[in-house]
Amino acid sequence: MERECGLSWHFLFACLKTLPTHCLIMQPAPEHSESELLQFRRAKLDELQKRGIAAFGGKFEESHDPGTLRKNFVEGIDVKVAGRILSRREMGKATFFDIGDITGRIQCYLSKNDVSEEDYALFIHQIDIGDFVGVTGFSFITKKGEPSIHVKVLTPLSKALRPLPDKWHGVTDREIKYRQRYLDLISNDRSREIFVMRIKMVAEIRNYLHGRDFMEVETPMMQDVPGGAAARPFETHFNALYQKMYLRIAPELYLKRLLVGGFNRVFELNRNFRNEGVSRRHNPEFTMLEAYWAYADFEQMADLVEDMICHLAEKFCGGLIIEHKDEEGAVTKTIDLTRPWKRASYRDVVKAAAGEDWFTLSKEAKVERAHSLGVHEIHAGDEHHELDQKAFEKLVEEKSFNPTFVTHVPKELVPLAKQNVADDSVVDVYELIINGQEISPGYSELNDPIVQRQRLLDQAGEETQKIDEEFLLALEHGMPPAGGIGIGIDRLIMMLTGAESIRDVVLFPQLKRKAE
RNA sequence: GCGCGGGUAGCUCAGCGGUAGAGCAGUUGGCUUUUAACUAAUUGGUCGAGGGUUCGAAUCCCUCCCCGCGCACCA
C-alpha cells in the first residue's frame with residue numbers, strides 16, 4: 001500500500017518537473033500552456049512508453065464486437081474484445097468499466113486477484129476513460145444481471161490525449177457535434193442510431209434496385225456544362241485542360257446518355273453540389289438517387305418509389321407509421337405511409353388549398369388571395385406559374401406530411417419531362433411530398449430531341465443557362481421512352497428517422513471555416 | 001445577404017455592473033459485483049476576439065468571428 005502510494009507521488013513529481021519542456025518540444029508555438037488535463041494525459045503517455053508499453057498499440061485479434069457480444073450474450077465463454085473505455089467505476093481492489101464502439105458497449109470487470117499489483121496500478125493510473133484497450137477474459141453475468149467480461153489480460157491499444165465529453169449529457173453544442181462528429185458519435189446514442197440507420201437504408205436501397213435489375217453507374221461529378229436541374233453550381237478550374245469546370249448539380253443528363261447507350265435500367269446514388277444557402281433542409285453537397293427505367297412512365301416510377309420507401313420503413317422503422325419525437329420522447333409528428341399513397345394533380349391540390357377559382361384569377365387577385373391565406377412571400381410582378389408555384393409550396397407542400405404524389409405539374413417548372421398528350425401545358429411527372437418537403441420527383445422523360453432543345457432554350461432565356469449540346473446530340477441518336485426518378489436521400493432519411501435537421505443525417509455537414 | 005437567439009472550466013450549465021460558480025470529467029485517498037457507483041479532499045478560467053463607457057465590465061455600448069433558428073435562394 002505504502003509502496004504504491006510512494007511510487008505515485010514520485011511519478012507525479014517527476015511529471016510535473018519534466019512537463020513544461022516536453023510540451024514545448026511537442027507544440028512549437030503554444031500561446032499559453034496546455035490545460036492541466038492535457039498535461040496529465042501526456043504524462044501518462046510518457047510513463048507507458050517509459051515502461052516499454054506500446055501506447056498506440058497494434059494488432060489485436062478480437063473474438064467479438066462489444067455491442068454484438070452484449071446483444072447475443074453467452075455466459076462462460078472465452079472472449080477477446082477491443083473498444084474505447086467509455087466509463088469507469090473504481091471500487092478499491094476491483095474496477096468495472098465499459099468499452100464500446102459503434103456496435104454498442106459492454107461492461108468489463110478487472111480485479112486485483114487476476115493481475116499483478118503493478119499492472120493493476122498501471123491500469124488505475126495510466127489508463128484513462130477515452131483510451132482504446134483490448135480485453136482478454138471470459139463472459140459472465142454480475143449479481144445485478146449485467147452481461148460482463150471478467151478480464152484476465154488488459155492490453156492498452158491507443159492512448160487518448162484528450163478527454164471525452166460529459167458522460168451523461170454527451171455533446172449538445174451543435175458546433176462541436178458537427179465539427180467534431182466523432183465526439184458526437186462516441187457520446188450520443190441518438191446520433192449513432194441515426195447514422196447507423198442511414199447507412200443500412202442506403203445499402204438496402206442499392207439492394208432493392210439491384211434486385212430489380214438496375215445497374216449502379218458512376219458519371220462525372222466534374223462537368224463542363226452543369227445541367228439536369230436549375231441551381232447555381234460550384235466552379236472549379238481544370239489546370240491541365242486550362243478550362244473552367246463545374247461540380248455537378250445533377251447526374252441526369254449523363255444517365256440519359258446511358259439510356260441512349262442501351263443501359264435500360266440504371267441508377268446512381270451519390271453526391272450533388274448546389275451553390276445555395278444552407279438551412280435545416282439544405283446542405284450544399286447532398287446525396288441524390290437518380291434511377292432511369294426504359295419503357296416505363298412516371299406512374300410506374302411512382303409505384304416503384306412507393307414500394308421502395310415502404311420496404312425501407314417496414315425493414316428499419318418497425319412499420320409504416322413513422323413517429324417523430326422531441327428530446328423528451330413525446331411524439332411531435334406522425335407520418336402514415338400506409339398504401340396506397342394519395343395521388344392528385346397539381347391543379348387540383350392548388351385549387352383545394354387556394355380556392356376553386358385560383359387559376360382564373362389575375363396576378364393581383366392571386367397575391368391578394370395568398371395574403372388572405374397567410375402567404376406573404378409572393379409578388380404580383382412574378383409570372384403566373386411562379387405565383388402558382390408559391391401557392392403550392394406554402395399552402396400544399398409545407399402542410400403535407402403524409403405522402404402525396406402531386407402529378408401533372410406546369411411544364412415551365414420541369415423542362416426535362418414529357419408533355420401530357422391531352423394537355424400540353426403540363427408534364428407527365430409526379431412530385432412526391434412527405435413530411436412537408438419534396439422527397440422525390442419522377443418523370444416520363446422527354447426523349448424528343450427537337451422539343452427538348454426548344455424547352456431548354458425557353459428556360460435558358462430566363463436563367464441564362466448553357467445548353468448541353470453533347471446531351472442533345474445523344475438524344476438525336478435516339479433515347480428510349482423512359483421513366484426517371486430522383487430521391488433526395490438526406491431528406492428521406494430525415495423523414496424516416498425523425499431528424500429535424502439535414503445536419504443530423506449528414507456525417508460532416510458543411511460549416512464555415514473557423515477563424516484562426 | 002437580412003432579422004432574432006447563443007458563445008463562461010475538458011463537457012453540461014448557472015451568474016447578467018462590485019472577490020468567476022455548480023455538476024460531471026481530472027488529481028490524491030477510502031472502498032472486491034458496480035453501472036449517472038459511493039465517499040473525503042483538491043486542481044482547473046485571456047467569461048468567442050478587439051475597442052469603448054465606468055472608480056469598477058462575464059454583465060452595459062460598438063465592431064468583428066463562429067453556431068443555431070427564421071426569411072431569401074433552392075431540392
Side-chain angles (χ1 to χ4, degrees), chain A residues 1 4-5 8-9 11-12 15-16 31-41 43-44 86-98 105-114 120 124-125 128-130 140-148 150 160-180 183 186-187 228-232 249-250 272-284 286-288 376-377 379 389 393 397 431-433 437-441 486-492 500-503 509 511-516:
Chain A
M1 192 87 73
E4 190 191 339
C5 210
S8 302
W9 277 112
F11 163 63
L12 179 65
C15 294
L16 291 174
E31 289 220 345
H32 38 270
S33 66
E34 277 185 330
S35 82
E36 193 188 34
L37 217 61
L38 303 189
Q39 292 184 31
F40 272 117
R41 295 227 173 193
K44 291 173 179 187
L86 298 170
S87 62
R88 175 144 86 169
R89 295 168 292 283
E90 254 180 68
M91 307 196 50
K93 296 187 176 62
T95 298
F96 289 94
F97 58 100
D98 293 353
R105 59 166 71 193
I106 185 132
Q107 175 169 271
C108 302
Y109 172 78
L110 179 66
S111 159
K112 218 168 186 170
N113 293 344
D114 296 309
Y120 191 78
I124 296 297
H125 294 289
D128 286 302
I129 292 175
F140 79 111
I141 294 181
T142 64
K143 277 182 188 168
K144 296 280 170 68
E146 179 71 25
S148 305
H150 188 121
L161 295 177
R162 290 176 185 274
L164 251 37
D166 191 285
K167 70 176 175 184
W168 187 241
H169 302 95
V171 179
T172 62
D173 185 309
R174 314 284 281 187
E175 195 166 350
I176 298 178
K177 273 170 75 91
Y178 302 148
R179 285 193 201 276
Q180 295 179 274
L183 294 178
I186 293 165
S187 64
R232 287 173 59 193
I249 55 176
N272 287 348
F273 307 85
R274 298 192 183 174
N275 206 341
E276 316 278 358
V278 296
S279 81
R280 222 153 50 93
R281 291 171 218 84
H282 299 87
N283 194 53
F286 63 102
T287 300
M288 178 78 123
H376 300 284
E377 307 89 346
H379 313 287
Q389 179 63 8
E393 284 170 9
E397 185 171 292
E431 306 267 1
L432 173 61
I433 312 300
Q437 297 179 21
E438 189 191 336
I439 296 282
S440 164
I487 298 184
I489 296 297
D490 311 285
R491 288 180 175 184
L492 177 68
E500 292 208 353
S501 169
I502 196 169
R503 295 178 203 106
L511 295 179
K512 195 155 180 180
R513 173 192 303 143
K514 225 176 166 166
E516 292 300 312

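Worth saying up front: this structure is predicted, and the values here are computed from it rather than measured. Letters go in sequence order (proteins before strands), and every chain restarts at 1.
Atom CG in A:Leu164 sits 6.5 Å away from atom CG in A:Leu86 (nearest 0.5 Å). Taking CD1 from A:Ile487 and CG from A:Leu432, the interatomic distance works out to 8.0 Å, rounded to the nearest 0.5 Å. Rounded to the nearest 0.5 Å, atoms CD (A:Glu438) and CD (A:Glu393) are 9.0 Å apart. A distance of 13.0 Å separates CD in A:Gln39 from NZ in A:Lys44, rounded to the nearest 0.5 Å.
A close approach under 4.0 Å does not occur between any side-chain nitrogen or oxygen of A:Arg513 and OP1 or OP2 of B:C66. One finds no side-chain N or O of A:Lys112 lying less than 4.0 angstrom from the OP1 or OP2 phosphate oxygen of B:U32. For A:Lys167 and B:A37, the shortest distance from a side-chain N or O to OP1 or OP2 is below 4.0 Å. A close approach under 4.0 Å does occur between a side-chain nitrogen or oxygen of A:Thr172 and OP1 or OP2 of B:C13. Side-chain N/O atoms of A:Arg89 include none lying less than 4.0 angstrom from OP1 or OP2 on B:U34. An OP1 or OP2 oxygen of B:G70 is reached within less than 4.0 angstrom by a side-chain nitrogen or oxygen of A:Arg280. In this structure, A:Ser35 does not reach the B:G44 phosphate: none of its side-chain N or O atoms is under 4.0 Å from OP1 or OP2. Within the 4.0 Å cut-off from OP1 or OP2 of B:G68, at least one side-chain nitrogen or oxygen of A:Arg503 is found. Put simply, A:Arg174 has no side-chain N or O that comes within less than 4.0 Å of OP1 or OP2 on B:G5. For A:His150, no side-chain nitrogen or oxygen approaches OP1 or OP2 of B:U33 to under 4.0 Å.
Between the side chain of A:Asp166 and the base of B:G23, at least one donor-acceptor pair of N or O atoms lies under 3.5 Å. Interface remark: the A:Tyr109 side chain does not form any donor-acceptor pair with the B:U34 base, using a distance-only criterion of under 3.5 Å. Interface remark: the A:Thr142 side chain does form a donor-acceptor pair with the B:U34 base, using a distance-only criterion of under 3.5 Å.
Here B:G29 is the nucleotide among B:C67, B:U12, B:G29 with the atom lying nearest to any side-chain atom of A:His125. Here B:U35 is the nucleotide among B:G29, B:U35, B:G26 with the atom lying nearest to any side-chain atom of A:Glu146. Checking B:G10, B:U32, B:C67 against the side-chain heavy atoms of A:Pro163 singles out B:G10 as nearest. Among the nucleotides B:G10, B:U35, B:C66, the one closest to any side-chain atom of A:Leu37 is B:G10. Proximity note for A:Ser111 (side chain, C-beta onward) versus B:C67, B:U32, B:U12: the nearest is B:U32.
Place A:Glu393 and A:Tyr178 on RNA chain B by their nearest nucleotides, and A:Tyr178 ends up nearer the 5' end. Two residues, A:Asn113 and A:Gly170, neighbour RNA chain B, and the one matched to the more 5' nucleotide by heavy-atom proximity is A:Gly170.
Separating the P atom of B:U8 from that of B:A58 is a span of 15 Å, rounded to the nearest Å. Taking atom C1' on both B:U32 and B:G48, the two are 47 Å apart, rounded to the nearest angstrom. Of the P atoms belonging to B:G50 and B:U46, the separation is 12 Å, rounded to the nearest Å. The C1' atoms of B:U27 and B:C65 are separated by 35 Å, rounded to the nearest whole Å. B:A20 and B:C73 have their P atoms separated by 50 Å, given to the nearest Å. Between B:U59 and B:G52, the two C1' atoms lie 15 Å apart (nearest whole Å). Taking atom C1' on both B:C16 and B:G21, the two are 14 Å apart, rounded to the nearest angstrom. Annotation: B:G7 and B:C61 have their P atoms spaced 14 Å apart (nearest Å).
Residue contacts for A:Leu38: at a heavy-atom cut-off of 4.0 Å it reaches no nucleic acid atom on any strand shown.
By the stacking rule of 5.5 Å between ring centres and under 30° between planes, A:Phe40 does not stack on the base of B:G26.
Ring geometry for A:Phe96 versus A:Tyr109: interplanar angle of 30 to 60°, hence tilted.
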Under the side chain to side chain contact (heavy atoms under 4.5 Å, CB included) rule, what do A:Arg41 and A:Arg162 come out as? Steps first, then yes or no, please.
CA-CA 7 Å; A:Arg41 295 227 173 193; A:Arg162 290 176 185 274; over 6 Å; no

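Checking B:A14 for Watson-Crick or G-U wobble geometry (two distances, each under 3.5 Å) identifies no partner in any strand. Pair assignment for B:G5 gives B:C67, based on Watson-Crick or G-U wobble hydrogen-bonding distances that are each under 3.5 Å. Under the Watson-Crick or G-U wobble criterion, with both distances below 3.5 Å, B:A72 has no partner in any strand shown. Base-pair partner of B:U32: not found among the strands shown (Watson-Crick or G-U wobble, both distances under 3.5 Å). Partner assigned to B:A25 is none, using Watson-Crick or G-U wobble distances below 3.5 angstrom.
Here A:Arg280 pairs with nothing under the side chain to side chain donor-acceptor pair (under 3.5 Å) rule; sequence neighbours left out.
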